[in-house]
Number of protein chains: 2
Amino acid sequence: MKLSPIEENYIKSIYYLQAKKGNVNTNSLAAHLETSAASVTDMMKKLKRKKLLEYKKYYGFRLNAAGNLYALEIIRRHRLWEFFLVSKLGMQWEKIHDIAEQLEHVSNDELIKKLDDFLGNPKTDPHGDPIPNEKGVMPVLRQIALKDLTIKKNAMVSSVSNQTPQMMEMLNHYKIKLGSHIKVTKQFVFDGSLQVKIDKQPECIISSMGAKNIFVYDN
Amino acid sequence: MKLSPIEENYIKSIYYLQAKKGNVNTNSLAAHLETSAASVTDMMKKLKRKKLLEYKKYYGFRLNAAGNLYALEIIRRHRLWEFFLVSKLGMQWEKIHDIAEQLEHVSNDELIKKLDDFLGNPKTDPHGDPIPNEKGVMPVLRQIALKDLTIKKNAMVSSVSNQTPQMMEMLNHYKIKLGSHIKVTKQFVFDGSLQVKIDKQPECIISSMGAKNIFVYDN
DNA sequence: AAAAAAGTTTAGACAAATCTAAAAATTTAT
DNA sequence: ATAAATTTTTAGATTTGTCTAAACTTTTTT
């Protein structure tokens, strides 16, 4: 089934609010989507007709299995595009969300599959949020700061917690990208700096400041 | 100004029909967009209000300078995405048009600028059609078959005239991509095969069959 | 130059998504 | 348990893009 971008936005918002608060009501969904409660009621009837959620007048609504799966598909597209915008086009975080909101509605299974492969099958978006797989399964990841990574354990760069020009300069210099393979080869107790191997590059040293702000998943 | 996807499709269709036939009338635009003549009339009034075309009842319509520029912007987005789908994701020609029709409506100037740079500022899409620049200027290109390329002249791969698995296999083997820099270093009169240099790779030999089907622009 | 044909526009209706204001149901407070 | 407050739904209007059928222009034919 293919929904309109508007319907997709409803599904996505319900999913988020449900994940955050357990249940969603008409008013909170209206607030989240910046629309009226009346519009929400109308749409709930429609999405019930389309069998994406349970809905009983005055008794709230809830995504069913199909609705959940659809939401995860949208989130998958959104997060893959966000990854693309940052890792391939080098866009800044603040700018990518709105663009990904547009791109997420482009629907073509082969496109998303190929995009995923092209990006190296990332497990999280640039903010560190997990990307559901094709079947709608969110990977369970342990994300830790690089400074806490067990020595000699392979890990992957998942996100970076600040995006100052100084930080970007450093990442750039070390050729650290989202998705980069990374391993700590030595720790210096003296100043907390680390010797690390990034992808296939020769080893280099990262300061404790840097190692605090770079996040990786090690599973 | 930001138009809806539907309005953009009207602008784009008018542009194409105008380029092909000089002038467009209500019925032919309706046919092209698979809609009714009445819908076209309604939309012409609207696009006139938005100052994108000249329109006089019963006397036809024509894009003005602003409308033309807008059309070229849409075409630019469409062709850049087509290039992306083929050169980065490795999709097949038959599949890319419909996807690009969706992607072309995603509007963000910085996105398109960065995408263009990421792709290496291609001058044509995978079909060999020129990509307008940011100012709406179509590059004037001389596209020729690789076999006709002057020896030792630098050129760029613009398109490939058939997409059989055999052809793809060869392109893959030689690492020839859209946008690849290419130069003929030697011609063998005997069988018409060519020695060529592709990007920074060592020289290789391409048969006359291959050289007939690979197109380049040499200016 | 009328009549016929072709092409275009208007009128009126419809579907999707929205809104406001009023009505109905539920929840909370007394 | 009734009243008050909150929340949700309905009713009816609006906007965008669409349609068919009828009316209107222009063009072509005779």
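Every heavy atom of this structure was used, including side-chain atoms; hydrogens, water molecules and symmetry mates were not. We name chains A, B, ... by the order of the sequence lines, and we start the count at 1 in each one.
A:N25 comes within contact range of the sugar-phosphate backbone alone, with a heavy-atom separation under 4.0 Å but no base atom that close. Nucleic acid contact class of A:S39 (heavy atoms, under 4.0 Å, all strands): base. At a threshold of 4.0 angstrom between heavy atoms, the contacts of A:Y55 are confined to the sugar-phosphate backbone, with no base atom among them. At the heavy-atom level, B:T26 lies under 4.0 Å from the strands shown only through sugar-phosphate atoms.
Cation-pi contact between A:K88 and A:F118: present, with separation from the ring centre below 6.0 Å and deviation from the ring axis of at most 45°.
Nucleotide D:dT8 holds its C1' atom 13 Å from the CG atom of A:L29, rounded to whole Å. Whole-Å rounding puts the A:M44 CE to C:dT18 P distance at 10 Å. One interatomic measurement links the two molecules: CD of A:E7 to P of C:dT18, which rounds to 10 Å at whole-angstrom precision.
Dashed line: the shortest gap from a side-chain N or O of B:K57 to OP1 or OP2 of D:dT26 is not under 4.0 Å. The side chain of A:T35 places an N or O atom within less than 4.0 Å of a non-bridging phosphate oxygen (OP1 or OP2) of C:dC19.
No side-chain N or O of B:D125 forms a donor-acceptor pair with one of B:H78 less than 3.5 Å apart.
Between B:Y55 and B:F61, the ring planes lie tilted relative to each other; the angle falls in the 30° to 60° range.
The side chain of A:S36 lies closest to C:dT20 when the candidates are D:dT18, C:dG7, C:dT20. Among D:dT20, C:dC19, C:dT9, the nucleotide with an atom closest to any side-chain atom of B:A38 is D:dT20. For A:Y59, the listed nucleotide lying nearest its side chain is C:dT26; candidates were C:dT26, C:dC19, D:dT9. Nearest to the side chain of A:Y58, among C:dA25, C:dT10, C:dG7, sits C:dA25.
A donor-acceptor pair is defined here as one N or O able to donate and one able to accept, closer than 3.5 Å; such a pair exists between the side chain of B:E7 and the backbone of B:S4.
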